[in-house]
Amino acid sequence: MKLFGRNRSYSNEITAEHSGEPVSIAGWVHEKRDLGGLFFLLVRDREGLAQVTLHKREVDRELFEQARKVPRESVVAIDGIIKGEPKAPGGYELLPKRIEVLSVASYDLPLDPTGKVGAELDTRLDARFMDLRSERTKHIFIIRSQVLKAIRDFLNERGFIEINTPKIVSAATEGGTALFPISYFEREAFLNQSPQLYKQMLIASGFDKVFEIAPIFRAEEHDTTKHLNEAMSVDIEVAFVSAEEVMRILEELIAFVYSKVALYPGLDSVTTQLEVPKIPFQRIRYDEAIELLADAGEPIEWGDDLSTSAEHKLGARIGAHYFITEWPRAIKPFYAQPIEDKETTNAFDLMHPRLELASGSQRVHSYELLKQNIESKGLSAASFAFYLDAFRYGMPPHAGWGLGVERLLMSMLGIENVREVVLFPRDRRRLVP
RNA sequence: GCCCGGGUGGUGUAGCGGCCUAUCAUUGAGCCCUGUCGAGGCUCGGACUCGGGUUCAAAUCCCGACCUGGGCGCCA
């Protein structure tokens, strides 16, 4: 096979100025248009489409028939001559010398990559490999890649150290959510719900600014457009700062990511309504939120978490990203720093008008207070010894947050279902592919 | 976990007791066509999730299973 010696060009690298030059392309047969004496083969690669044109009278009968017979979505490598042609899409076409069919596609495609006939999300997820051949889906995942890059660039630029903490953990957990049990040799273990305890332990190490981008696992049987059982979380933890400082990092990061994505050329095929949010984001205290909601006819008892419709009402009222701060102790985890003489904590949630994106807090760094907090939540301090020990030998004050990557993406791109922004989502029902 | 929808050719759909030998689009096969760009025209092929029940008659009504969409709760 000559293939590997070939100098392959992407479809967008070829222009009319190269007219007359030989070129090799490779990709998938996107569409065929048979006009009788004239035949067009549209070949798709990662960067776009190239039109291959065959004049019946001017090419070998064999080559003409080969082009006519190759099934859609087959993989081909084509050698030919570039011809500038104003009538062709992209201003050029390819007059083929040789068509190599590298892989013949079966004709009963599970979905239509040209997008002429729609498909339900479930069908698309079953055939994700093919769904990714469509413009919109492809761009969603390139944007996802760029979002992750932007986050890394941003945090690296600010002196953060990227860490990796274990995803297989023993039972001790911050509580709140259900865990997936797994078999770990002769013991039971669990998939980690978040890197929280480990990233805090790293603060005691002297790595005073850390971040992790990694999966988190939640065994909740929720079955909604906003929840996944395996999600990607961006977590940071910073020493010697307060909640306000990590909130600033968070809003700057969000604005930075939006500004990067806004520049992405393929954005239009996903959304036309991306606007870089203005910072700083509005901060409202939990008790102010409760008051606003009472006015809006959505009474919430002080001390209760906000319901979905309460989140939506507040979001509609504010109409932009905002922080809710100073949450009651009872609904925040043991590591959230209580505010002296109050029933509240220095914890915050970052909200998008449609959904919650992140939550964080000033952390408890006193060993005694932390131990007391763990016990008052009904947990056993003994099983947290590995974590608590890090607070006994010099733990600086610190703060941090966790941000859901999928929620950031869906809210940024105006996508309704979180499964759309995960290649192979894991939810209550879906374990395959 | 609770509540409400839905499963019809490969894909997306219409039909919701007899007029169904099941609609339309797209895909596929074949034919016509030398500038298509959601090409066009003609011909053909291809489907009622499964099991039980009601009825003279079931894609259509009822029950169960499986799959699935949405809302709420929980949760991030």
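These values consider heavy atoms only, across backbone and side chains, with no hydrogens, waters or symmetry-generated copies.
Between A:Tyr335 and A:Gln200, the side chains place no donor N or O within less than 3.5 Å of an acceptor N or O (distance only, hydrogens not considered). Side-chain polar atoms of A:Glu326 and A:Thr345 form no donor-acceptor pair below 3.5 angstrom. A donor atom on one side chain and an acceptor atom on the other are found under 3.5 Å apart for A:Glu245 and A:Ser242.
A:Asp349 comes within 4.0 angstrom of no nucleic acid atom, judged by non-hydrogen atoms across all strands. At the heavy-atom level, A:Ala231 lies under 4.0 Å from base atoms of the strands shown. Counting any heavy atom pair closer than 4.0 Å across all strands shown, A:Lys32 reaches no nucleic acid atom. Residue contacts shown for A:Leu111 are absent, as no nucleic acid heavy atom lies under 4.0 Å away. Backbone-only contact: A:Thr123 has heavy atoms under 4.0 Å from sugar-phosphate atoms and none from a base. Among the atoms of the strands shown, none is found under 4.0 Å from any heavy atom of A:Gly404. Contact annotation for A:Leu228: base contact, defined as any heavy-atom pair under 4.0 Å involving a base atom. The residue A:Asp126 sits apart from the nucleic acid: no heavy atom pair falls under 4.0 Å. As judged by a 4.0 angstrom heavy-atom cut-off over every strand, A:Pro110 is placed among residues touching the sugar-phosphate backbone only. In this structure, A:Ser106 reaches neither bases nor backbone, as no heavy-atom distance under 4.0 Å exists between it and the strands shown. When heavy atoms are screened at a 4.0 angstrom cut-off, A:Thr225 is found touching the sugar-phosphate backbone but no base atom. Among the protein residues, A:Glu85 comes within range of the nucleic acid bases, having at least one heavy atom under 4.0 Å from a base atom.
The 5' end of RNA chain B is approached more closely, in terms of each residue's nearest nucleotide, by A:Lys87 than by the other of A:Lys87 and A:Ser309. If A:Glu311 and A:His55 are placed on RNA chain B by their nearest nucleotide, the residue sitting closer to the 5' end is A:His55.
One interatomic measurement links the two molecules: CG of A:Asp305 to P of B:rG73, which rounds to 10 Å at whole-angstrom precision. Per the geometry, CZ belonging to A:Arg133 stands 15 Å off C1' belonging to B:rU27, to the nearest Å. The nearest whole Å value for the distance from the CG atom in A:Asp131 to the P atom in B:rG10 is 19 Å. Rounded to a whole Å, the CZ atom of A:Arg429 is 11 Å from the C1' atom of B:rG70. Remark: C1' of B:rC37 and CD of A:Glu135 are 14 Å apart, rounded to the nearest angstrom. Atom P of nucleotide B:rU36 and atom CG of A:Leu42 are separated by 13 Å, given to the nearest angstrom. Separating the CG atom of A:Leu38 from the C1' atom of B:rC37 is a distance of 12 Å, rounded to the nearest angstrom. Rounded to whole Å, the distance from CD on A:Glu31 to P on B:rG35 is 18 Å.
A distance of about 37 Å separates the C1' atoms of B:rC16 and B:rC74, rounded to the whole Å. Nucleotides B:rC62 and B:rG9 have their C1' atoms positioned 28 Å apart, rounded to a whole Å. Comparing the C1' positions of B:rG38 and B:rA76 gives an interatomic distance of 41 Å, to the nearest angstrom. Comparing B:rG64 with B:rC24, their C1' atoms are spaced 34 Å from each other, to the whole Å. For B:rA14 and B:rG1, the P atoms lie 31 Å apart once the distance is rounded to whole Å. For B:rG7 and B:rC50, the C1' atoms lie 11 Å apart once the distance is rounded to whole Å. B:rG28 and B:rC48 are spaced 22 Å apart, taking the P atom of each and rounding to whole Å. Rounded to the nearest Å, the gap between the C1' atom of B:rC61 and that of B:rC56 is 16 Å.
Base pairing analysis places B:rG1 opposite B:rC72; the two distances defining the Watson-Crick or G-U wobble pair are each below 3.5 Å. A 3.5 Å limit on both hydrogen-bonding distances identifies no Watson-Crick or G-U partner for B:rU60. Under the Watson-Crick and G-U wobble criteria, each requiring two contacts below 3.5 Å, nucleotide B:rU36 is left unpaired. Both distances falling under 3.5 Å, in either a Watson-Crick or a G-U wobble arrangement, occur for no nucleotide opposite B:rG17.
Exactly one residue among A:Ile324, A:Leu408, A:Leu250 makes a side chain to side chain contact (heavy atoms under 4.5 Å, CB included) with A:Leu350. That residue is A:Leu250.
To the nearest 0.5 angstrom, A:Glu406 atom CD is 11.0 Å from A:Ser411 atom OG.
No hydrogens or angles were tested; on distance alone, a donor-acceptor pair under 3.5 Å links the side chain of A:Gln51 to the base of B:rU36. A:Glu93 contributes a side-chain N or O that forms a donor-acceptor pair with the base of B:rG35 under 3.5 Å. The base of B:rU34 sits with one of its N or O atoms less than 3.5 Å from a complementary donor or acceptor on the side chain of A:Arg57. For B:rC75, its base sits under 3.5 Å from the side chain of A:His227 at one donor and acceptor pair at least.
For A:Arg428 and B:rU68, the shortest distance from a side-chain N or O to OP1 or OP2 is not below 4.0 Å. Distances shorter than 4.0 Å separate some side-chain N or O of A:Asn417 from OP1 or OP2 on B:rG70. Distances shorter than 4.0 Å separate some side-chain N or O of A:Thr308 from OP1 or OP2 on B:rG73. For A:Lys116 and B:rA25, the shortest distance from a side-chain N or O to OP1 or OP2 is not below 4.0 Å. Between A:Arg72 and the phosphate of B:rG28, there is a side-chain N or O to OP1/OP2 separation shorter than 4.0 Å.
For A:Val117, the side-chain atoms get nearest to B:rA25 when compared with the rest of B:rU36, B:rA25, B:rC75. Among the nucleotides B:rC72, B:rU26, B:rU36, the one closest to the side chain of A:His312 is B:rC72. Looking at the side chain of A:Asp122, the nearest of the listed nucleotides B:rG73, B:rG69, B:rG12 is B:rG69. When distances are taken from the side chain of A:Pro89 to each of B:rU36, B:rU26, B:rA76, the shortest belongs to B:rU36. In this structure, the nucleotide among B:rG35, B:rC75, B:rG69 sitting nearest to the side chain of A:Thr53 is B:rG35.
A:Phe154 does not carry A:Arg152 over the face of its six-membered ring by the limits of under 6.0 Å from the centre and within 45° of the normal.
Under the 6.0 Å cut-off for aromatic ring centres, A:Phe348 and A:Phe323 qualify, their centroids lying closer than that. Here the two rings, on A:Phe180 and A:Phe217, have centers that are 6.0 Å apart or farther. The aromatic ring centroids of A:His352 and A:Tyr322 lie 6.0 Å or more from each other.
At distances below 3.5 Å, at least one donor-acceptor pair connects side-chain atoms of A:Asp427 with backbone N or O atoms of A:Arg430.
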